[in-house]
Structures are given as structure tokens and as C-alpha cells.
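Below is one structure, written out as C-alpha cells, with a few remarks after it.
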Amino acid sequence: MELRNWITETFGSTDTLLDESVYSGDEIREDKIRLKQRRKQLNKDMSRLQREYRELLEEGADASDAERPQYAQRARMKKKKFKVKQQKFQKNSVQMATIVTIEGARELMEMSDEDELNLPDMNEVDYGEVQQHLREEMIQYEIETETMIEVQEALDIDIIGADMDMNGGEEEDIMKDMAAGQIDKEQVNIDDEEEDEADVGMDSTINGDVGIGPENLK
């Protein structure tokens with residue numbers, strides 16, 4: 001089922017998630033801590049399974065033809081377990097991206113002294129401050145740009161913007177060229193840079209068991 005439809009069926013509207021009486025700030029903080037701990041454990045498990053998978057392949061390569069199928073079967077089991085952990089990690093990412101987006105939306109509401117989120121009418125609000133905070137959260141919790149954009153599209157809350165670029169981009173390429181001695185720092189001018197717009201067309205689906213929000217994050 002599409003993420004947008006799932007959220008609508010689960011909560012009725014985005015306003016429900018933004019309502020502090022439904023999903024309090026304390027609950028959000030607790031969920032972020034729990035999700036971060038779970039994320040750390042999933043990363044650890046995936047690293048272990050990947051290591052064991054490689055070891056089995058190496059052992060199978062050195063084994064006889066008669067023994068090799070047994071190693072292959074054990075390696076396939078490790079791979080299946082890795083895929084399960086990977087799916088759980090993605091579920092965790094969606095949950096964390098949703099929480100971070102909710103926090104950003106509430107921050108905008110507080111800055112505008114509004115009880116409801118109406119992004120087009122918030123002309124006096126400094127989006128840059130909130131966007132920077134969300135970017136820092138994405139780095140801290142290792143949320144991929146595509147996941148964040150997907151969640152914000154589903155929630156109809158475009159705080160970050162679909163043209164956000166979290167990669168090093170042109171600046172990183174320049175750094176590499178400078179390190180290799182191919183260009184000199186005096187050749188680099190900020191006004192020579194051209195801004196590329198990312199063409200993001202996300203049409204992803206999720207499994208029905210991906211939980212977001214106060215009732216499903218437990």
C-alpha cells in the first residue's frame with residue numbers, strides 16, 4: 001500500500017499527528033531514543049550477518065565439491081536473515097523520518113503562533129532555521145534523503161523541499177580535484193557555481209506492517 005494511503009487510513013489526517021494531545025512531545029522524545037537504539041542494534045546485526053556470509057563463501061570455496069552445497073545453503077540462510085534485518089531498518093527509517101518531520105512542523109507552528117500548519121501562509125517564518133535542524137537530525141539518525149522526501153510527501157508537509165541535496169555535490173568534486181592538485185584554490189569562485197535541481201519522482205510502496213506514530217511505534 002502507498003505510504004500516503006497508509007497514513008490517511010491510520011490517522012485520518014496529518015493534523016492528528018501534529019496534535020500534541022494525541023502524540024505528546026515526551027512520547028516523541030521517548031520514541032526517538034528507542035528507535036535510535038533499535039537502529040544501532042540492526043546495524044550491528046547486519047554487519048555481523050554480512051561478515052558471516054562472506055566467511056561461509058570463503059570456506060565453501062576451499063571445500064570439496066561434495067561439501068560446497070552445504071556451505072551454499074548456510075550462506076543463503078544468512079542472506080535471508082540479512083534481508084529481514086534490512087527491511088526492519090527501512091521501517092525504522094520511515095518511523096524516524098516521520099517523527100523528525102512532525103517535530104519540524106510543530107516548530108514552524110510555534111514560530112508562527114498558529115494552531116494549525118499552513119505552510120503557504122507562513123511567509124514571516126524563517127524556514128532556514130527549521131530546515132537546518134531537520135538536516136542535522138537526518139545526519140544524526142542516518143535518514144536517507146529519499147526516505148525523508150517520501151515521508152514528507154505522504155504527510156503533505158514539505159519543509160525540507162524535494163530539491164534538497166545532502167550529498168557533497170559539486171563542492172565535494174572540487175575538494176577531490178584540489179586534493180589531487182588538478183585545480184588551485186584561487187581558481188574556485190562561488191559565483192561560478194550553477195545550481196542543479198534534483199528531479200525526484202518517488203512512487204514507492206510499503207508493507208502494511210510499517211508502523212508510524214504513537215500507536216504503532218511501541
Side-chain angles (χ1 to χ4, degrees), residues 1-3 6-7 28-101 134-154 160 164-182 198-213 215-218:
M1 135 185 353
E2 292 185 1
L3 184 57
W6 187 91
I7 290 176
I28 285 180
R29 284 186 288 273
E30 290 173 2
D31 284 336
K32 284 178 74 175
I33 292 172
R34 183 182 55 78
L35 286 171
K36 185 177 180 180
Q37 292 174 340
R38 178 59 175 158
R39 197 173 186 80
K40 183 178 180 180
Q41 182 61 49
L42 286 169
N43 260 323
K44 184 178 179 180
D45 292 343
M46 287 190 293
S47 296
R48 173 181 54 80
L49 287 167
Q50 186 172 14
R51 183 182 67 254
E52 292 174 352
Y53 174 77
R54 289 173 177 171
E55 289 174 352
L56 285 169
L57 292 181
E58 290 174 359
E59 291 174 10
D62 294 333
S64 64
D65 290 343
E67 296 174 323
R68 196 164 291 158
Q70 298 177 10
Y71 284 100
Q73 185 176 9
R74 290 168 61 190
R76 282 196 298 270
M77 290 301 297
K78 296 293 182 182
K79 190 173 186 178
K80 288 181 180 179
K81 290 181 179 179
F82 178 86
K83 293 295 184 181
V84 171
K85 295 290 182 181
Q86 201 172 45
Q87 290 175 356
K88 290 181 178 180
F89 188 85
Q90 179 59 24
K91 172 181 175 178
N92 182 290
S93 296
V94 171
Q95 292 172 325
M96 187 67 84
T98 302
I99 289 179
V100 169
T101 299
L134 261 64
R135 289 188 178 97
E136 291 171 356
E137 293 274 274
M138 290 174 65
I139 293 172
Q140 179 181 354
Y141 298 114
E142 299 176 333
I143 303 172
E144 293 184 0
T145 302
E146 290 185 359
T147 300
M148 177 61 78
I149 292 174
E150 248 189 307
V151 167
Q152 292 201 4
E153 286 179 348
I160 287 291
M164 180 187 66
D165 183 10
M166 293 293 292
N167 296 317
E170 184 179 357
E171 284 72 21
E172 187 172 354
D173 292 336
I174 292 173
M175 292 177 191
K176 291 178 180 178
D177 290 340
M178 290 174 69
Q182 296 177 0
D199 182 14
V200 182
M202 301 294 291
D203 185 21
S204 302
T205 58
I206 60 170
N207 295 326
D209 64 345
V210 176
I212 311 173
E215 295 180 1
N216 298 285
L217 285 169
K218 308 303 181 186

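In what follows, residues are counted from 1 in the order of the sequence shown.
Rounding to the nearest 0.5 Å gives a distance of 14.0 Å between NZ of Lys32 and CD of Gln95. Distance check, rounded to the nearest 0.5 Å: CD of Glu150 to OG of Ser93 gives 11.0 Å.
Scanning all heavy atoms of the two residues, the minimum distance from Phe89 to Asn43 falls at CE1-ND2, 3.6 Å. Considering every non-hydrogen atom in both Val151 and Thr101, the closest pair reads CG1-OG1, 4.2 Å. Smallest separation of non-hydrogen atoms from Ala97 and Thr147: CB-CG2, 4.2 Å.
Remark: Arg48 CZ is packed, more than 12 non-hydrogen atoms of other residues, nucleotides or ligands lying under 6.0 Å away. The environment of Glu144 atom CD is sparse: at most 12 non-hydrogen atoms of other residues, nucleotides or ligands sit within 6.0 angstrom.
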Determine all donor-acceptor pairs shorter than 3.5 Å in which one atom belongs to a side chain in residues 69-85; sequence neighbours excluded.
unit_1: Lys78; atom_1: NZ; unit_2: Glu52; atom_2: OE1; d: 2.8
unit_1: Lys85; atom_1: NZ; unit_2: Asp45; atom_2: OD2; d: 3.2

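Residues forming a side-chain hydrogen bond (donor to acceptor under 3.5 Å, both in side chains) with Asp65 (at least two apart in sequence, or on another chain): Arg68. With sequence neighbours left out, the side-chain hydrogen bond (donor to acceptor under 3.5 Å, both in side chains) criterion links Arg51 to no other residue.
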Assess whether side-chain contact (heavy atoms from CB on, under 4.5 Å) is satisfied between Met175 and Met178, documenting all intermediate values.
CA-CA 5 Å; Met175 292 177 191; Met178 290 174 69; 5.6 Å; no
Please step through side-chain contact (heavy atoms from CB on, under 4.5 Å) for the pair Leu42 and Lys91, ending with a clear verdict.
CA-CA 11 Å; Leu42 286 169; Lys91 172 181 175 178; over 6 Å; no
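The shortest distance between side-chain heavy atoms of Gln140 and Glu137 falls below 4.5 Å.
Side chain of Arg39 to main chain of Glu142: a donor-acceptor pair is present (N/O by atom type, distance under 3.5 Å, no hydrogens or angles).
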